[in-house]
Amino acid sequence: MNKGLRRPIIAGNWKMYKTVKEGEELVNGLKRELYKVTDVDVVVCPPFTLLVNISDMLLETNIGLGAQDTFWEEEGAYTGEVSAKMLKDAGCQYVIIGHSERRQFFDETDESVNKKIFAALKNALTPIVCVGENLSEREKGIAFDVIKKQLDGGFKGVSEVDIEKIVIAYEPVWAIGTGKVATPEQAQEAHKYIRGWLSKAYGTDIACKIRIQYGGSVKPDNIKGLMANEDIDGALVGGASLKVETFTAIVMNSR
Ligand code: PEP
């Protein structure tokens with residue numbers, strides 16, 4: 001559906017990896033290799049402790065900066081949390097919300113995802129909102145029901161104007177960090193379902209503009225096959241974003 005309207009976006013989710021020094025080395029390598037890339041949005045999402053330094057390193061580059069989570073309140077007695085206002089202040093333009101690891105290990109729910117989306121938007125951050133089914137849900141044939149519930153709950157009350165500011169990441173949980181990538185057909189089918197949901201909720205013109213990334217064991221040798229599909233507009237990359245060579249190759253092969 002009008003793929004040309006959507007600029008590809010490749011984001012690296014570093015998860016809980018990299019010290020300050022290691023992160024700086026990675027970013028220096030990416031700056032060196034990717035400075036000529038102007039036709040793809042490239043984003044890195046390091047741990048909180050690296051954000052300020054990396055934000056300085058990325059000034060006047062074509063690489064964007066994202067965080068891996070946010071809390072929904074702006075400030076207050078919430079020990080251990082970081083707000084969207086703070087992320088903006090630290091130099092972020094993006095924030096990942098609802099990653100399956102947050103849903104699995106930290107009690108993230110569709111309701112908390114919804115509140116975090118509003119907090120991100122209020123602070124002019126682009127939310128990268130993750131949805132996706134686990135293995136047993138896929139095997140039971142209820143993958144799309146699960147995705148629908150996550151979309152219904154996550155985007156509750158999000159306006160037509162705001163939905164255009166959001167990136168969605170379809171990440172089948174069974175493919176994350178397992179080396180088991182979804183086939184391009186499986187991924188396209190789910191992306192088409194998500195775009196159909198967007199069409200129903202917001203109309204086709206808006207649905208055509210929203211970028212949907214695939215995530216789950218994306219590597220330099222499978223990104224091309226994924227990107228060849230009509231509704232796949234980029235990737236959210238975990239493991240392969242931790243090395244200059246592999247992340248660079250994914251960006252290059254996505255074009
Ligand atoms: C992720 O962290 O969102 C992810 C998709 O990880 P991996 O690429 O390692 O499967």
Side-chain angles (χ1 to χ4, degrees), residues 8-18 22-23 26 30 40-48 50-51 54 63-70 92 94-106 108 113 116-117 120 125-135 137-138 143 146-147 150-151 154 166-184 186-188 190-191 194 211-227 229 231-254:
I9 174 163
I10 306 289
N13 172 17
W14 293 7
K15 310 196 187 197
M16 199 175 71
Y17 292 102
K18 305 288 180 194
E22 290 165 350
L26 176 50
L30 295 176
V40 178
D41 285 341
V42 178
V43 182
V44 292
C45 303
F48 291 130
L50 283 69
L51 289 174
I54 291 183
I63 302 175
L65 181 67
Q68 299 173 18
D69 188 27
T70 183
C92 292
Y94 298 84
V95 59
I96 299 172
I97 296 176
H99 191 279
S100 63
E101 287 152 16
R102 305 275 343 151
R103 293 180 190 262
Q104 191 181 346
F105 302 124
F106 303 99
E108 188 85 275
V113 166
K116 290 177 179 187
I117 289 173
L125 293 169
T126 299
I128 298 178
V129 181
C130 303
V131 298
E133 80 288 358
N134 65 30
L135 185 59
E137 291 159 345
R138 176 152 284 263
V146 170
I147 296 169
Q150 292 169 338
L151 294 169
I166 285 170
V167 174
I168 298 177
Y170 167 62
E171 297 210 308
V173 180
W174 47 272
I176 297 179
T178 59
K180 235 196 249 174
V181 65
T183 65
Q186 284 172 321
Q188 166 58 23
H191 283 229
I194 293 168
R211 296 180 293 180
I212 308 174
Q213 299 176 299
Y214 167 79
S217 298
V218 171
K219 302 279 182 288
D221 62 358
N222 57 30
I223 184 71
K224 243 190 188 25
L226 291 160
M227 289 299 289
N229 290 279
D231 291 295
I232 302 181
D233 308 311
L236 181 56
V237 184
S241 72
L242 297 172
K243 285 198 179 134
V244 176
E245 307 74 53
T246 44
F247 194 58
T248 298
I250 289 171
V251 171
M252 293 305 184
N253 293 349
S254 71

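Both counts, for ligands and for their atoms, begin at 1 and track the order of listing.
- Atoms CG and OH, from Leu65 and Tyr94 in turn, are 10.5 Å apart once rounded to the nearest 0.5 Å.
- Sorted by chain and number, the residues within 4.0 Å of ligand 1 by heavy atom are Asn13, Lys15, His99, Glu171, Ala175, Ile176, Gly177, Gly215, Gly216, Ser217, Leu236, Val237, Gly238, Gly239.
- Under the 30°/60° scheme for interplanar angles, the aromatic rings of Tyr214 and Tyr170 are found to be tilted.
- A donor-acceptor pair shorter than 3.5 Å cannot be found between the side chains of Glu108 and His99.
- How far CG of Asn222 is from CD1 of Ile250: 7.5 Å, rounded to the nearest 0.5 Å.
- For the atom pair CG (Leu242) and NZ (Lys18), the distance works out to 5.0 Å, reported to the nearest 0.5 Å.
- Between Phe48 and Gln68, the closest side-chain pair of non-hydrogen atoms is not below 4.5 Å.
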